[in-house]
Amino acid sequence: MNYFCIAAVFNLVWVAVCGSLLPSNVNARADHGKKDAAGYFAVTFKTTEEKIFGHIAEVGHETSFTDINGGRPILTATKGTRGVRDPFIVTSPTHDRFWIIGTDLNASAINQNFTQARHYGSTSLHIWESSDLVHWSDERLVKVMPDSLQAGMVWAPSAVYDSARDMHAVFWSSKTFPVSDPGHLTNGSLDQIWYSHTRDFVDFSAPKVWASSNVGLIDQEILTTAQPDTFYRFLKDENVTEVYAEKSTTGLFGEWTRLGKAVVDGRREGPATYRDIRRPSRTYLWVDNYNSTIPGYEAYYSDDIDSNVWTSATPSLTPATMRHGAIIPVSKRHFSRLQNQA
Ligand SMILES: *[C@@H]1O[C@H](CO)[C@@H](O)[C@H](O)[C@H]1NC(C)=O
Ligand SMILES: *[C@@H]1O[C@H](CO)[C@@H](O)[C@H](O)[C@H]1NC(C)=O
Ligand SMILES: *[C@@H]1O[C@H](CO)[C@@H](O)[C@H](O)[C@H]1NC(C)=O
Ligand SMILES: *[C@@H]1O[C@H](CO)[C@@H](O)[C@H](O)[C@H]1NC(C)=O
Ligand SMILES: *[C@@H]1O[C@H](CO)[C@@H](O)[C@H](O)[C@H]1NC(C)=O
């Protein structure tokens, strides 16, 4: 039996997490296509209401989503800033537990001043968990960037099961400030992708910068493939304010290569991706057109990600005002429970 221990420092308190490694035959490629799934579940937020909304779509109707809960939010933050944006949903390797993680940011409370949000924002994530996608736990506010790192914000979390560690790797974007600037008065670092590992979304390992970049990066989301060491990621390059696709064939923490030009020629953010359940060679990509008069997601698809050619989906994505979120395939049992919540 293998044992592992990780230690993390939060709020100046050391937290040690120990456990046993699962046997290697546990099939844990949770985010890869699921042929037996009955539909899709999306979680998003709205500019006008920084809360989490749920939407479902049936197999065969990959871009026609219907609101659940009568269009009312399914989750409202009650801690931190009491605003939640950029929700991401993640499944346990055994498909019996789900977590929603989101940015702790209430932009309406600060007049949409994103400079202020980057310098003096929350360094915590909102986290909820569920075993059926309908009943959600009380929210946890988890500080992932300790004060010693002088982060100005923690934005747009995403997570992927890291089979090499048998834990979820959680990613987010932070700007950090030097020790010489405790008031965060300088521009600070570029926004960079940071990560941490967790087994239970309660205890997180000490955060690290993923790979430092010469441009600001936010809104990263990862797509797994049938090859254990091959991954795609979609992220927003803040120098050009466009969304790029990148690929690694050497593992999550391997070498990432940009696949040519931006996936959409225009100002976009908040990429969210999923595979067609019946035709897993087709990948859908939602990008948030925040430059539009009414900001919201547009859907594109590609039958060959390596070609980096993305076509507008038809029919176009509904409902129209969904913003930065995530989509997962769900089983027949979970899908019918979500349908009952329509
Ligand atoms: C945002 O902040 C305002 C002002 O503090 C508060 O009234 C509101 O409940 C918060 N949450 C949302 C989702 O607007
Ligand atoms: C936005 O916030 C920054 C940092 O707090 C401040 O310097 C700036 O004046 C604010 N901008 C507006 C338009 O209020
Ligand atoms: C800080 O940011 C401002 C606004 O983007 C820019 O004009 C200025 O050159 C930056 N300063 C430094 C030292 O990079
Ligand atoms: C930023 O984008 C401009 C084009 O808009 C490009 O010329 C420049 O090389 C980019 N900077 C970096 C560091 O990639
Ligand atoms: C933003 O939207 C305006 C109006 O539709 C358009 O003219 C402009 O090209 C867009 N800018 C970018 C960078 O996409």
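Residues: numbered from 1 along the sequence shown. Ligands are counted one by one from 1 in listed order, and the atoms in each one are counted from 1 as well.
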Looking just at side-chain N and O atoms, do [X] and [Y] make a donor-acceptor pair shorter than 3.5 Å?
{"X": "E62", "Y": "Y40", "answer": "yes"}
{"X": "T103", "Y": "D86", "answer": "yes"}
{"X": "D166", "Y": "Y161", "answer": "yes"}
{"X": "Y120", "Y": "N113", "answer": "no"}
{"X": "H168", "Y": "D162", "answer": "no"}
{"X": "N308", "Y": "W310", "answer": "yes"}

* To do: Within a distance under 4.0 Å of any heavy atom of E50, pick out the atoms of ligand 1 and give their elements.
  =>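 What qualifies from ligand 1 is 13 (C).
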[atom] [closest protein heavy-atom partner, distance rounded to 0.1 Å]:
{"atom": "atom 5 (O) of ligand 2", "value": "Y120 CE1, 3.7 Å"}
{"atom": "atom 9 (O) of ligand 1", "value": "R82 NH1, 3.8 Å"}
{"atom": "atom 4 (C) of ligand 1", "value": "A109 CB, 4.0 Å"}
{"atom": "atom 8 (C) of ligand 2", "value": "N113 ND2, 3.8 Å"}

* **The single option from E238, E242, E298 passing salt bridge (Lys or Arg N to Asp or Glu O under 4.0 Å) against R268** =>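 Only match with R268 under salt bridge (Lys or Arg N to Asp or Glu O under 4.0 Å): E298.
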* To do: State whether any protein heavy atom lies less than 4.0 Å from atom 11 (N) of ligand 3.
  =>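 Yes, at least one protein heavy atom sits under 4.0 Å from atom 11 (N) of ligand 3.
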* Asked: Looking at atom 2 (O) of ligand 3, would you say a protein heavy atom lies below 4.0 Å from it?
  ->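 There is a protein heavy atom less than 4.0 Å from atom 2 (O) of ligand 3.
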* **For N187, atoms of ligand 3 separated by under 4.0 Å from a heavy atom** =>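 Every atom of ligand 3 under 4.0 Å from some heavy atom of N187: 1 (C), 2 (O), 3 (C), 8 (C), 10 (C), 11 (N), 12 (C), 14 (O).
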* To do: May I ask which of V84, T76, T81, N106 has a heavy atom nearer to atom 14 (O) of ligand 1 than the others do?
  =>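 Nearest heavy atom to atom 14 (O) of ligand 1 lies in N106.
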